[in-house]
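Computed from a predicted structure; not experimentally measured. Side chains are part of it too, since the values below use all heavy atoms of this structure and drop only hydrogens, waters and symmetry mates.
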Amino acid sequence: MARIPVGCEPVVGSLNTPKKKDYKVTNRLQEGKRPIYAVVFNFIDSRFYNVFATVGGNRVTVYRCLEGGTIAVLQSYIDEDKEESFYTVTWACDIDRTPFIVAGGSNGVIRVIDAANEKLHKSYVGHGDSINEIKTQSLKPSLIVSACKDESVRLWNVHTGICILIFAGAGGHRNEVLSVDFHPSDINRIASCGMDNTIKIWSMKEFWTYVEKSFTWTDLPSKFPTKYVQFPIFIASVHTNYVDCTRWLGDFVLSKSVDNEIVLWEPIMREQSPCEGSVDILQKYPVPDCDIWFIKFSCDFHYYAAAAGNREGRIYVWELQSCPPVLIAKLSHPYSKSPIRQTAMSFDGSTILACCEDGTIWRWDMVSS
């Protein structure tokens, strides 16, 4: 179990740093009365960089950000299960580049929606409980990974519908898995975190032949030899409470708990001793009033900045490429008082979206100096 070395003091960002950039509210949509838990831009296909999807209740909605703050509704999908409550959404694509929207939530079923033809493509059953997050492998966007309340993480191929790997077992999570992320350049590596207060790093390297086999499999998906990955290559105890969001920043990791901060840290692994190693905490980015779980931050495409909402409806935007951390902006509005469940930053960071507990979507745009 990795521990924080004594005496390695991280650099903590100041909330009193003068603002570097100005944003203003350009739109506010009331999507419905049910909470909107996720919002995400499409970074998979350059044709759709200004297109985003949201999930709330049993609905998946696709929008496009237009100039002047306008938000256009493109399409909407209503799940057949009226009791479904989607918690997460991601963009993916088939091997022919057909855009997919992948959503999951309380009923544990992954829905893959063909956005080009506006219809349900496939449904994946396998998880035993609520799905808390789904992420796409940007290097191979037909691969997705899902984090679940059943304490497992699963790797899927949306082209064939195959569950390739299940990350769970002896060395797996001991409570709900709340967040998961693919490494941006190491295609074999993922990070997961959850209610057991840990972040685990997993490797698919020795199972990569199964990933390749999943693209050419012609038999029923249920007959595929799905493999269990029982032991992560690294376990980190960076937080003392639920860890509900984790993202790679190169080979470093950004993780957020319910302790009002995002932490940037480096996993220092011992090649000969799997799971063992140490953690070097580099920087901390305070996010006040962020002490309820299931609040996820987002980054722009190049990871220049991160935006995190809080339970009071405010957003803190931090520069990630500076030391000490620089607070780019504190965003607030008199009518934004509901918890922000997730933010989404546009490709260049000029637009920030926030989806809220009260069913609203807020659009903030950078003001040109």
Heavy-atom side-chain proximity of L254 to Y285 below 4.5 angstrom: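 Heavy-atom side-chain distance check passes, below 4.5 Å.
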Note, I71 side chain near L66 side chain (heavy atom, < 4.5 Å):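 No - every pair of side-chain heavy atoms lies 4.5 Å or more apart.
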Treating [X] as the side-chain partner and [Y] as the backbone partner, does any N or O pair qualify as donor plus acceptor under 3.5 Å?
X	Y	answer
D289	R311	no
K122	H159	yes
R154	G126	yes
S257	Y242	yes
N310	P288	yes

Stacked cation flag K213 on F215, 6.0 angstrom / 45 deg: no
NZ or CZ of K200 within 45° of F231 ring axis and under 6.0 Å: no
R59, CZ: over 12 other non-hydrogen atoms inside 6.0 angstrom: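 No - once you tally the heavy atoms of other residues, nucleotides and ligands closer than 6.0 Å, there are 12 at most.
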Flag if over 12 foreign heavy atoms under 6.0 Å of CD, E67: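 At most 12 heavy atoms, drawn from other residues, nucleotides or ligands, come within 6.0 Å of this atom.
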K337 and E312: CA distance, side-chain angles, deciding distance, salt bridge (charged side-chain N to carboxylate O under 4.0 Å, His left out) verdict: CA-CA 5 Å; K337 298 295 184 184; E312 300 293 334; over 6 Å; no
Pair E319-S322, side-chain donor/acceptor within less than 3.5 Å: yes
Donor + acceptor pair across side chains of R189, S203 (<3.5 Å):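 No pair is found: no donor N or O on one side chain lies under 3.5 Å from an acceptor on the other.
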Transitive ILVMFWY side-chain link F224 to W208, under 4.5 Å: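 F224 clusters together with W208.
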Joint cluster assignment, L120 & V62, ILVMFWY side-chain distance < 4.5 Å: yes
side-chain hydrogen bond (donor to acceptor under 3.5 Å, both in side chains) assessment of T136 paired with T90: CA-CA 7 Å; T136 304; T90 188; 2.8 Å; yes
Least distance between heavy atoms, F234 atom then S278 atom: CZ-O, 3.4 Å
Ring geometry between Y335 and H333 (parallel below 30°, tilted from 30 to 60°, perpendicular above 60°): tilted
Identified side chain to side chain contact (heavy atoms under 4.5 Å, CB included) partner of W91 from the options I144, V102, N42, D45: N42
From V229, V177, V180, residue fulfilling side chain to side chain contact (heavy atoms under 4.5 Å, CB included) relative to F167: V229
Among F52, Y49, Y303, ring pair (Phe, Tyr, Trp, His ring centres under 6.0 Å) partner for F347: Y49
Short N-O contact, R363 and D365, less than 4.0 angstrom: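 A salt bridge links R363 with D365.
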Test of ring centre spacing under 6.0 Å for Y37 and F294: yes
Test log, rule side-chain hydrogen bond (donor to acceptor under 3.5 Å, both in side chains), inputs S255 and W265: CA-CA 8 Å; S255 58; W265 53 277; 3.0 Å; yes
